[in-house]
Protein chains: 2
Amino acid sequence: MVQIPNTSASAPPAQRSVPTSADVARLAGVSRATVSYVLNNTSAVRISEPTRRRVHEAAEELGYVPHAAARSLRAGHSRMVLMPAPAIPVGPLHGQFLNELQWALSRLDYTVVQHGALGLHGDDAARAWAELRPVAVLVPGQGLGPQGVAVLKRSGARAVVTLGPTGVEGAHALLMDHATVGREAARHLHARGRRRIGVVVPEESGLEAYSTPRLDGVRQALRGTDAVVTELPLGYTEEAAARLAARWRGLGLDAVFAYNDEYAMLLMRALQDEGVRIPEDTAVIGADDLMLGRLLRPRLSTVHIELPSGRELAELVDRAVRDPGAAPERHEVLGATVVHRDSS
Amino acid sequence: MVQIPNTSASAPPAQRSVPTSADVARLAGVSRATVSYVLNNTSAVRISEPTRRRVHEAAEELGYVPHAAARSLRAGHSRMVLMPAPAIPVGPLHGQFLNELQWALSRLDYTVVQHGALGLHGDDAARAWAELRPVAVLVPGQGLGPQGVAVLKRSGARAVVTLGPTGVEGAHALLMDHATVGREAARHLHARGRRRIGVVVPEESGLEAYSTPRLDGVRQALRGTDAVVTELPLGYTEEAAARLAARWRGLGLDAVFAYNDEYAMLLMRALQDEGVRIPEDTAVIGADDLMLGRLLRPRLSTVHIELPSGRELAELVDRAVRDPGAAPERHEVLGATVVHRDSS
DNA sequence: TTGAAAGCGCTACCAT
DNA sequence: ATGGTAGCGCTTTCAA
């Protein structure tokens, strides 16, 4: 049976089939090889100027766009850097970091792709990512185990970088120990004479990854002192905050680290409505240093968090891709400093 | 020259090459065809149970993961739904929408991918997306022109959906006319007797897509009335807000629609610090109905925005993919309702 | 029930 | 300077 060429006039114009480099070659009257040379500016081969023009014109006319899958199949590798799409809305801090990162990786000629597979977890997710044969994978959180790393590496990923509290065997790690945040908050409160310290723990799921280490950090910092830590579960609603505030005096707390600025604002308002004076009766400190915290009265004290620059991570990725054999790097990258304002 | 097989003992174990279905076949002692049948559960072919087991075991042992590019190259299409990664940190509203969408598309067996190419614009971006041969492309904003749509369709995209103020020739559209937001805000202020109405326009770039239509909406709603609209450029800093507040009385405004709740909170605080009484001297209304607006005193009035459900869009995508010939659908999907609290 | 082989679109080697 | 062609990993007819 004769293969009907793409350019067959019998094809309905409504759904023209996708032009390939062969179509371009045919139209330009050259070979597919020449098309490839021209469109990729292959320096090892010199193509005459008229030919180049004809090829470019043909490509233009057909609206030819190279097929990335075919290309990377042939090349045996891609320049795709994959990361899972964040499952929870990402704050301005993390958002800026992500943007920097994507920009920096683009500059290094990588294609950045966020894979949105919210249903998958752990090694299933790793397998799904591996199908795309990314050259590097960046994984926030701690969903990935050594198995997952192995799957990714076996399927050609030259760099796997985790961003989270703990590293993983075989992968590079940007260690972001949120315990530091809790520690700084606790030290601050303790230094200012507070001893009965509450720690808000959000009830919203997906936040445990941050809230647990932040709570642990508080406990660490206060270990061996005379301070007492009270865990305060709190849903992100006015009602929940009001309920917590209603039993506040009974709790006998003189300070609270409220997980982050948003929970802090929520709780602070509820406390004020309840007649609790801040900071006299209870000191309040948040985290993340949101602009909005400065708008409250009293202004909200907070823990300013410093993330690594996106450029930094991009360079780590690039280094790792270039030398996949190198020992995994581990960097402690989360800076936390108290910004003392008026609420504590 | 003899081709050294993948399993050659001469390969350094440190960098084993990626296992292919041929490797699985070899290990299981069957043909590549059989491997494909087994791993894809091809119903048209019956494979004996022992063979199935051997294949699965071999795949497991090698850590085999199919190569998505090769598969879709062969198949002639993919199930990838592509969308550009948001360039600005996305709020809780949009964030939830995105998550729903990804979840719903995953359920429909699509692979959702966010393409992070912050450097590219318009048709360049479209070309970059087209290289990945997605079966559908979702584009927020108005960066995409008819040219871009054409490129995408010619390269095999069976559905292109824009999400933004205006549709594009040839593409489906979820029309999100932010003018509605401004209109509702303006109507509310006007109904409450305000006549000299300021509209905050953020100076931060990337927000024009929202701020311009919101401003236009205010103008529309007030056209033909005795109200006067004043445009108020404002950067998202305390200093800028203080500067604006300092010249507030000179502006002679009795109301302000502050773009969104965050700018509203920023401005409201600055006005209060300046001694401007809210709402007596100046009414303030924001938009987005953030939780935080309820924490201010007075509580912030706002325009609650209703986005379509992610499921809805996922179904539109699926419909369009199944029937690419159908006429582009256009849906007006942005709901806006004033939530009147105490600041207006 | 299983295997052989073609071919998806592309690039890079080797000829000419 | 340009063309022929092999082969990347996969699925799917067709044959056995």
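Labels below follow one simple rule: chain letters A, B, ... track the order of the sequence lines, proteins then strands, and each chain is numbered from 1. Basis for what follows: all heavy atoms, side chains included, without hydrogens, waters or symmetry-related copies.
With sequence neighbours excluded, the residues that form a side-chain hydrogen bond (donor to acceptor under 3.5 Å, both in side chains) with A/E57 are A/R53.
One finds no side-chain N or O of A/T20 lying less than 4.0 angstrom from the OP1 or OP2 phosphate oxygen of C/dG9. Dashed line: the shortest gap from a side-chain N or O of B/S48 to OP1 or OP2 of C/dT2 is under 4.0 Å. For C/dC10, one of the phosphate oxygens OP1 or OP2 lies less than 4.0 angstrom from a side-chain nitrogen or oxygen of A/S21.
With a 4.5 Å cut-off on side-chain heavy atoms, A/V161 and A/V139 do not count as touching. A 4.5 Å side-chain heavy-atom check between A/V113 and B/Q114 finds every atom pair outside the cut-off. Using a 4.5 Å heavy-atom cutoff, the side chains of A/N40 and A/R71 are in contact.
Each of A/G29 and B/A22 has a nearest nucleotide on DNA chain D; the 5'-most of these lies closest to A/G29. Each of A/H67 and B/T34 lies near DNA chain C, and the nucleotide nearest B/T34 is the one positioned closer to the 5' end. Comparing A/A75 and B/R74, the nucleotide of DNA chain C nearest to each residue sits closer to the 5' end for B/R74.
Whole-Å rounding puts the A/L39 CG to D/dT2 P distance at 14 Å. If you measure from atom CZ of A/R26 to atom P of D/dT2, you get 19 Å, rounded to the nearest angstrom. Atom C1' of nucleotide D/dG7 and atom CG of A/L73 are separated by 9 Å, given to the nearest angstrom. Distance, B/R154 CZ to C/dG9 C1': 18 Å, rounded to whole Å. Following rounding to the nearest Å, A/Y64 (OH) and C/dT11 (C1') show an atom-to-atom distance of 10 Å. To the nearest angstrom, C1' of C/dG9 lies 15 Å from CG of A/L62. For B/R52 and C/dT2, the CZ to C1' distance is 13 Å, given to the nearest whole Å.
Of the options A/D123, A/D124, A/L118, a side-chain contact (heavy atoms from CB on, under 4.5 Å) to A/L120 is made by A/D124 and by none of the others.
A salt bridge between A/D318 and A/R322 is present, with a side-chain N of the basic residue lying under 4.0 Å from a carboxylate O of the acidic one. Between B/R127 and B/E131, none of the side-chain N atoms (NZ, or NE/NH1/NH2) sits under 4.0 Å from a carboxylate O, so this pair counts as no salt bridge.
Taking every side-chain heavy atom of A/R32 into account, C/dC10 is the closest of D/dT11, C/dC10, C/dG3. Of the listed nucleotides (C/dC8, C/dC10, D/dT11), C/dC10 has the atom at the smallest distance from the side chain of A/R71. Between D/dC10, C/dG3, D/dG3, one nucleotide has an atom nearer to the side chain of A/V30 than all others, and that is D/dG3.
Within a 6.0 Å sphere centred on CZ of B/R311, heavy atoms belonging to other residues, nucleotides or ligands number 12 at most.
Note on B/T51: only backbone sugar-phosphate atoms sit closer than 4.0 angstrom, heavy atoms only; bases stay farther off.
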Within the sub-3.5 Å range, which N or O atoms of nucleotides 14-16 of chain C have a protein N or O partner, and how far apart are they?
none

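Rounding to the nearest 0.5 angstrom, the gap separating the CD atom in B/Q96 from the OG atom in B/S309 is 10.0 Å.
Checking side-chain atoms of B/R133 against main-chain N and O of B/H77 turns up no donor-acceptor pair under 3.5 Å.
Five base pairs at each end of the helix from C/dT1-D/dA16 to C/dT16-D/dA1 define two local axes, and these are offset by 40° (rounded to 10°).
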